[in-house]
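To start, the structure itself, in structure tokens.
All chains are named by letter (A, B, ...) in the order of the sequence lines, taking the proteins before the strands, and each is independently numbered beginning at 1. Keep in mind that this is a model prediction, so the values were computed, not measured.
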Amino acid sequence: TVTFTGIMGVLCRKGEVEKALKLYDVMIGRGLKPNDYTCSILVGGLCRTKRLDDAVNLFEKMVLNGYASVVCLNTLMHGFLELGRREEATKLFKENLFFKETMADVVSHNTLMDGFCKTGDLIAAKKLLHDMKVRGLVPSLVSFNTLVSGLCKRGDIDRALDLVEYAVNNGQMPDVITYSTLLDGLCKVGRFQVAENLLIQMHENRIEVDVVTYSTILNGYCKTGQLQKAQKIL
RNA sequence: GUGGCAAUCUGAU
């Protein structure tokens, strides 16, 4: 099962879902049982090729047979959100809020939050952060990074900075993604001085600057014609 | 004879 599923994963990543599904039949034909990995890989493959109906059917079948996990749910929700089908993602989410194998976890909440952020609905996204705590889940760094990104995209950098402070108080230290997100927001509203301070702080906190961080800053400087500053960074 | 070693969420273009 592990071998078959592994190959199906490779095929799905290449967009060859058809071959993966054929392999799935071969696997079943040999009397091997699928598992939650098999389920999420195939669901993900179908989502990537926009075959959401097939993905839903497979997911429901797997749920009935007890092979589905919350990862499969998350994969499917993500598939809907990628296509802008927010209502269906939300419906799926709500159906899985009670105790069962596919009960919504932190990643489910994060996935939906990101979907809300990307459509600019920060109110709904913030509510979700609150809801997850009510449900006894502990927001992860990704939860905060997702909201920070949403706030930055809206230009609400100060609220984003406040949220990071709040995250720190909740035991989530910013990582390279948090910083890059903030830097991008700051550059895009022209607050380069604050951005430079943040870079220093990043260094002090021993956070490794990566290729995305560099391109974020370079992009900011180049688009405002500060090529000398851009060169200085390199 | 195309890098593959099993799954889901967040950052630049």
So, under a plain 3.5 Å distance rule, would you say the side chain of [X] forms a donor-acceptor pair with the base of [N]?
X: A:Y37; N: B:A7; value: yes
X: A:D210; N: B:A12; value: no
X: A:T181; N: B:G11; value: no
X: A:T216; N: B:A12; value: no

Distance between [atom1] atoms of [N] and [M] (Å, rounded):
N: B:A7; M: B:G11; atom1: C1'; result: 23 Å
N: B:A12; M: B:U8; atom1: C1'; result: 23 Å
N: B:C5; M: B:G1; atom1: P; result: 22 Å

Under 4.0 Å between a side-chain N/O of A:R48 and OP1 or OP2 of B:A7, yes or no? no
Below the 4.0 Å mark, does B:U10 have OP1 or OP2 next to a side-chain nitrogen or oxygen of A:K153? no
Need one value for A:S40: base, sugar-phosphate or nothing, where a base atom within 4.0 Å counts as base even if backbone is also close, heavy atoms only. base
Counting any heavy atom closer than 4.0 Å, what does A:V176 reach on the DNA or RNA strands: base, sugar-phosphate only, or nothing? base
Is any NZ, NE, NH1 or NH2 atom of the basic residue among A:K91 and A:E87 found under 4.0 Å from an Asp or Glu carboxylate oxygen of the other? no
When you compare the side chains of A:T178 and A:D175, does any donor N or O come within less than 3.5 Å of an acceptor on the partner? yes
Could you please name the option among B:A12, B:U8, B:C5 that lies closest to any side-chain atom of A:N74? B:U8
Look at the aromatic rings of A:F192 and A:Y221 and report parallel, tilted or perpendicular, splitting at 30° and 60°. parallel
Of A:D184, A:N205, A:T213, which meets side-chain hydrogen bond (donor to acceptor under 3.5 Å, both in side chains) against A:Y179? A:N205
Between B:A7 atom P and A:E101 atom CD, what is the distance in whole Å? 20 Å
